[in-house]
Amino acid sequence: MPLNTGTQRTADGTPDEPADTTPDTPTSDAPEADDTAGAPADDTAGAPATGTATGTASAETEEPVAASETPDPAAAAPAPPPGRLRSSLTSLSTSPLTVARVLRRTVDVLAAVLVLGALLLPTRLGNLRAAEFARLPVEAVFGAAVLTLLPRRPRLVMASLAGVSLGALTVLNLLDMGFHELLGRGFDVVLDWVLLDDAQSYLEDSLGHSRAVVAAVAVVVLVVALIAVMALATVRLAGLLGRNGARTAPATLVFGTVWVLCAATGVRVAGVPVASEHTAGLVQDRVQRVRVTLKDEREFARTARIDTFGDTPGDRLLTGLRGKDVIFTFIESYGRSAVEDPIMAPGVDATLKAGTESLREAGFAAKSGWLTSATYGGSSWLGHSTFLSGLWIDNQNRYRTVTSGDHLTVTGAFKRTGAWRTVGIMPGVQKSWPEAKFYGLDHVYDSRELGYQGPKFSWSTMPDQYALTAFERLEHGRKHSKPLMSEIILTSSHQPWAPIPKMIDWDRVGDGSVYDGIEKAGKNPANVFYDSTRVRTEYGRSVQYSLNSLIQYVEKYGDKNTVLVFLGDHQPMARVSGEHASRDVPCAIVAHDPKVLDRIAGWGWSDGLRPAHDAPVWKMSDFRDRFLTAYGSTPSTPAPAPAPAPKN
């Protein structure tokens with residue numbers, strides 16, 4: 001059949017688009033062309049000729065026009081030309097397919113980005129940079145090779161398991177980020193789950209119960225969603241690999257070869273190796289840490305049973321402090337950075353210098369040095385127990401082990417003598433605290449027993465000045481048949497360091513309701529905590545407040561028998577202290593009687609409240625034995641050689 005290549009005309013005689021030159025493909029329901037199809041077309045036959053000559057309208061999109069029909073000019077006039085009609089109908093029929101294809105490819109790309117991002121996700125916030133994600137993970141190459149070779153059903157099972165595992169590993173990596181940021185160490189999968197409960201309590205104290213519950217629910221939902229989406233992503237990619245095995249197998253071989261070459265030659269981008277085995281290394285590291293943790297539990301239990309002063313009778317303990325009122329005070333987050341950081345140090349150092357002078361005028365003297373804390377950024381109870389027990393307690397399992405035993409603490413030594421009444425002032429404790437027995441405290445005043453009627457200052461239940469006022473009212477200012485040994489925890493310098501109380505006249509403190517206006521006028525915690533510059537400034541101000549509260553208390557209420565030992569429990573979080581900061585905290589001993597400080601003259605500590613930069617640095621766990629020995633205690637067993645201080 002000859003092709004109609006001439007210009008087609010519509011019913012009104014106007015030229016139409018050139019006819020399609022593609023040969024017709026007859027269909028079962030299309031009319032056959034008759035012998036007149038090759039004759040010149042006239043005005044009345046133009047439309048039918050077009051329909052039979054081009055044959056482009058399929059049965060699904062357009063009804064064929066019979067050759068004998070004569071189009072009605074009135075009806076044909078408003079209709080679009082057949083060529084345009086065919087184009088519109090074809091576009092309508094294919095556009096959903098195009099959209100679906102684009103969506104499928106977009107989802108494939110997102111799945112690949114999600115999986116690759118999870119394989120390369122670092123464990124520290126400071127490493128979240130583009131170079132970390134511009135690497136080739138060996139886990140992706142190996143996984144693609146395995147999934148390409150597996151049959152369909154095993155491939156889907158393997159992809160699902162890999163996705164769930166990768167999602168769980170991503171959650172652990174995010175926990176690592178948070179722990180490095182707050183505590184200066186990674187997340188321990190054996191011991192640290194209990195700290196999540198403490199984190200929830202911290203949120204309740206800071207944000208309120210309702211907001212804390214919402215935050216906890218949101219976190220759980222996000223974790224479940226992350227694991228589920230990661231599993232779906234790996235399954236989708238596995239299906240893509242299986243359907244396109246002929247192309248993915250060679251591509252996997254190419255990527256594997258590139259990885260080997262990059263690993264062999266040490267190719268780097270912005271200092272980061274291109275050939276990555278990040279996830280495999282993390283899994284290996286976590287397995288190793290679990291082994292170390294389980295081994296440490298057994299070894300520490302044996303260590304805790306060895307006690308240099310464990311069997312020393314009371315009459316041979318602390319003979320050099322008899323008759324003195326001894327106060328051990330921990331200042332929350334008071335670390336070396338507060339004394340030496342260029343942003344925080346000017347205000348804190350000025351406070352320490354002024355405090356040293358004002359105490360001297362009141363008849364007191366001081367010596368100070370550095371102790372290396374067992375914790376960083378938080379978990380204050382680990383620092384407290386390390387200092388008082390003489391054991392290195394750097395994780396929750398060690399804490400549980402030692403507090404469930406009878407290892408002698410510094411405070412417990414005072415109780416064993418029978419010569420002191422021992423009390424604790426714990427404004428941060430808001431429920432029963434069974435550890436009081438381990439520490440040898442006759443009575444503990446927690447936040448519920450201190451009589452405070454004022455507002456909370458973020459996490460801190462009450463200002464330090466109030467806590468010290470309550471201590472004076474409830475214990476120190478009363479007549480006792482024995483001297484007093486007290487352990488006081490000051491909390492106003494606890495994060496988020498806003499709002500911060502202000503010093504007021506001691507006679508105005510009352511029941512604490514005077515602080516209502518001070519708290520309302522303070523800064524918003526959210527505006528401070530997430531600003532890296534402002535948070536350091538406010539942290540320094542909070543330490544100044546705690547120091548002023550304690551120094552002024554000694555000036556006002558101290559006497560010739562007062563001995564004060566105060567220190568920080570740990571450094572503040574990395575956002576404040578800086579990356580790779582030491583774990584050192586200042587420690588000072590203040591006394592009115594010069595004989596008290598004469599006993600530690602051999603320690604080499606600095607005069608005054610501020611330790612010199614090069615003052616001695618001891619492990620915090622070394623303090624107990626040095627202190628007990630300096631003040632007349634006799635060891636019941638030979639003292640072991642002191643362990644070297646950990647590297648900062």
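Please read all numbers here as calculations on a predicted model, not as lab measurements.
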J.: What's the verdict on salt bridge (Lys or Arg N to Asp or Glu O under 4.0 Å) for D349 and K353, showing C-alpha distance, side-chain angles and the deciding distance?
T.: CA-CA 6 Å; D349 286 351; K353 182 178 179 181; over 6 Å; no
J.: State whether W497 and R541 meet the cation-pi test: NZ (Lys) or CZ (Arg) under 6.0 Å from the six-membered ring centroid, and within 45° of the perpendicular axis.
T.: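 Geometry flag: not set, cation outside 6.0 Å or 45°.
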J.: Taking the ring centre of each residue, are W433 and Y439 less than 6.0 Å apart?
T.: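 When the ring centroids of W433 and Y439 are compared, they turn out to be within the sub-6.0 Å range.
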J.: Just by distance, do the side chain of E487 and the backbone of I425 share a donor-acceptor pair under 3.5 Å?
T.: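 The answer is no, because no donor-acceptor pair under 3.5 Å joins these two groups.
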J.: Does R534 count as lying over the ring of Y539, i.e. NZ or CZ under 6.0 Å from the six-ring centre, within 45 degrees of the axis?
T.: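 The answer is no; the distance or angle limit is not met.
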J.: Taking the six-membered ring of W603, is the NZ or CZ of K367 close enough (under 6.0 Å from the centre) and on axis enough (within 45°)?
T.: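 No, cation not above the ring by the 6.0 Å, 45° rule.
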J.: Below 6.0 angstrom between ring centroids: does that apply to F328 and F627?
T.: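 For F328 and F627, the ring centres are under 6.0 Å apart.
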J.: Does the gap between the ring centers of F330 and H384 come in under 6.0 Å?
T.: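 Between H384 and F330, which both carry aromatic rings, the centre distance is below 6.0 Å.
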J.: Between K437 and D442, is the closest basic N to carboxylate O distance under 4.0 Å?
T.: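 Not counted as a salt bridge, because no side-chain N and carboxylate O are separated by less than 4.0 Å.
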J.: Name all residues meeting the side-chain contact (heavy atoms from CB on, under 4.5 Å) criterion together with S513; count only those two or more places apart in sequence or in a different chain, and write none if there are none.
T.: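 Listed in chain order: D511, D516.
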J.: Return a table of donor-acceptor pairs under 3.5 angstrom between the side chains of residues 556-569 and protein atoms on other chains or two or more places apart.
T.:
from : atom 1 : to   : atom 2 : distance (Å)
D559 : OD1    : N561 : N      : 2.8
D559 : OD1    : T562 : N      : 3.3
D559 : OD1    : T562 : OG1    : 3.3
T562 : OG1    : D559 : N      : 2.9
T562 : OG1    : D559 : O      : 3.4
D569 : OD1    : S333 : N      : 2.9
D569 : OD2    : S380 : OG     : 3.1

J.: Backbone N or O of L450 within a donor-acceptor pair of the R473 side chain at under 3.5 Å?
T.: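 Indeed, once roles are kept as given, a pair shorter than 3.5 Å links the two residues.
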J.: What I want to find out is whether R124 reaches D176 closely enough, with some N-O distance under 4.0 Å, to be called a salt bridge.
T.: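 Looking at D176 together with R124, the answer is no, because their closest N to O distance does not fall below 4.0 Å.
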J.: Report yes or no: do Y376 and S577 form a side-chain donor-acceptor pair below 3.5 Å?
T.: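 Yes, S577 and Y376 have a side-chain donor paired with an acceptor closer than 3.5 Å.
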